[in-house]
Visitor: 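This structure is in structure tokens; I'll ask about it shortly.
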Amino acid sequence: MLLSMEVLTLKEAQRQVDAWISQFKEGYFPPLLMLARLAEELGEVARVLAHRHGKKPKPGEEEGDLAMELADLLFVLISLANREGIDLEEAFLKAMAKYRDRDGERWTRKGG
């Protein structure tokens, strides 16, 4: 368990998700079921954003908690990465390098 002042790394998040899932006999869902879960959670994120920023929220529908919906999405994404043996911290650093190289001069920088 992390203390409030500690930083949660992607490695630690992956470890926590693995510890949670590993306590159950069923283990990780198969990849295609996780893909369906990702789509489901993304739909919930979309519902909150549509309610918050859309023109016509459904009458009587609660807005929802965007932070929790994003966290649910992240949990499933981490689960898929764990199942497939992917180090998300390493992959994220590679992705950031790709964006810096590819898009570093694409946009107008702030402050001069």
Side-chain angles (χ1 to χ4, degrees):
M1 182 55 96
L2 289 175
L3 301 175
S4 62
M5 297 301 290
E6 291 184 69
V7 174
L8 177 68
T9 65
L10 285 171
K11 285 186 189 315
E12 176 59 19
Q14 285 190 260
R15 190 202 64 72
Q16 285 189 33
V17 169
D18 191 61
W20 170 253
I21 291 175
S22 294
Q23 68 183 327
F24 303 107
K25 288 181 183 179
E26 294 80 4
Y28 289 100
F29 292 147
L32 291 179
L33 181 53
M34 281 200 224
L35 179 60
R37 294 269 334 276
L38 276 172
E40 176 186 353
E41 296 299 345
L42 185 58
E44 292 176 15
V45 169
R47 181 184 47 78
V48 172
L49 288 173
H51 192 282
R52 186 177 287 185
H53 301 286
K55 300 287 184 202
K56 298 181 184 179
K58 290 181 183 177
E61 182 179 59
E62 295 285 322
E63 179 177 296
D65 184 340
L66 181 59
M68 284 305 300
E69 298 303 347
L70 288 170
D72 288 344
L73 182 64
L74 182 59
F75 179 88
V76 178
L77 183 66
I78 289 171
S79 297
L80 180 57
N82 284 355
R83 167 110 180 27
E84 296 299 306
I86 294 168
D87 179 333
L88 281 175
E89 208 164 277
E90 180 182 312
F92 180 77
L93 291 173
K94 287 179 183 176
M96 286 305 300
K98 174 185 75 173
Y99 293 125
R100 277 191 293 274
D101 291 345
R102 185 185 70 195
D103 299 331
E105 301 301 321
R106 184 175 179 186
W107 312 107
T108 305
R109 294 191 184 271
K110 294 181 179 180

Visitor: Quick one: which residue pairs count as a salt bridge (Lys or Arg N to Asp or Glu O under 4.0 Å) with a foot in residues 42-52, not counting sequence neighbours?
Guide: Arg47-Glu69, Arg52-Glu63
Visitor: Is Met96 reachable from Trp107 through a run of hydrophobic residues whose side-chain heavy atoms are each under 4.5 Å from the next?
Guide: no
Visitor: For atom CD of Gln23, decide whether the heavy atoms of other residues, nucleotides or ligands shown that lie under 6.0 angstrom number more than 12.
Guide: yes
Visitor: With hydrophobic residues grouped by side-chain heavy-atom distances under 4.5 Å, do Leu70 and Leu8 end up in a single group?
Guide: no
Visitor: Locate the shortest heavy-atom distance separating Arg37 from Phe29; write the atom from each residue and the value.
Guide: NH1-CE1, 3.5 Å
Visitor: May I have all residue pairs that pass side chain to side chain donor-acceptor pair (under 3.5 Å) and include part of residues 76-88, sequence neighbours excluded?
Guide: Lys11-Asp87, Gln14-Asn82, Tyr28-Asn82
Visitor: Would you say Leu42 ends up clustered with Leu49 if hydrophobic residues are merged whenever their side chains have heavy atoms under 4.5 Å apart, either directly or through other cluster members?
Guide: yes
Visitor: Under a single-linkage definition using a 4.5 Å side-chain heavy-atom cutoff for Ile, Leu, Val, Met, Phe, Trp and Tyr, are Leu88 and Leu35 assigned to the same hydrophobic cluster?
Guide: no
Visitor: Which residues end up grouped with Met68 if you chain together Ile, Leu, Val, Met, Phe, Trp and Tyr wherever their side-chain heavy atoms are less than 4.5 Å apart?
Guide: none
Visitor: Apply side-chain contact (heavy atoms from CB on, under 4.5 Å) to Leu38 and list each qualifying residue two or more places apart in sequence or on a separate chain.
Guide: Leu73, Val76, Leu77, Leu80
Visitor: Do you know which two heavy atoms are closest between Ile21 and Gly27, and how far apart they sit?
Guide: CG2-C, 3.5 Å
Visitor: By salt bridge (Lys or Arg N to Asp or Glu O under 4.0 Å), which residues pair with Arg100, not counting sequence neighbours?
Guide: none
Visitor: Can you name the nearest heavy-atom pair linking Ala13 to Ile78, along with the distance?
Guide: CB-CD1, 3.7 Å
Visitor: In Å and rounded to the nearest 0.5 Å, what is the CG to CG distance from Asp72 to Asp65?
Guide: 9.0 Å
Visitor: Are Phe92 and Phe75 in one and the same hydrophobic cluster, where Ile, Leu, Val, Met, Phe, Trp and Tyr link if side-chain heavy atoms are under 4.5 Å apart?
Guide: yes
Visitor: Write out all pairs satisfying salt bridge (Lys or Arg N to Asp or Glu O under 4.0 Å) with one or both partners inside residues 16-25, taking only residues at least two apart or from two chains.
Guide: none
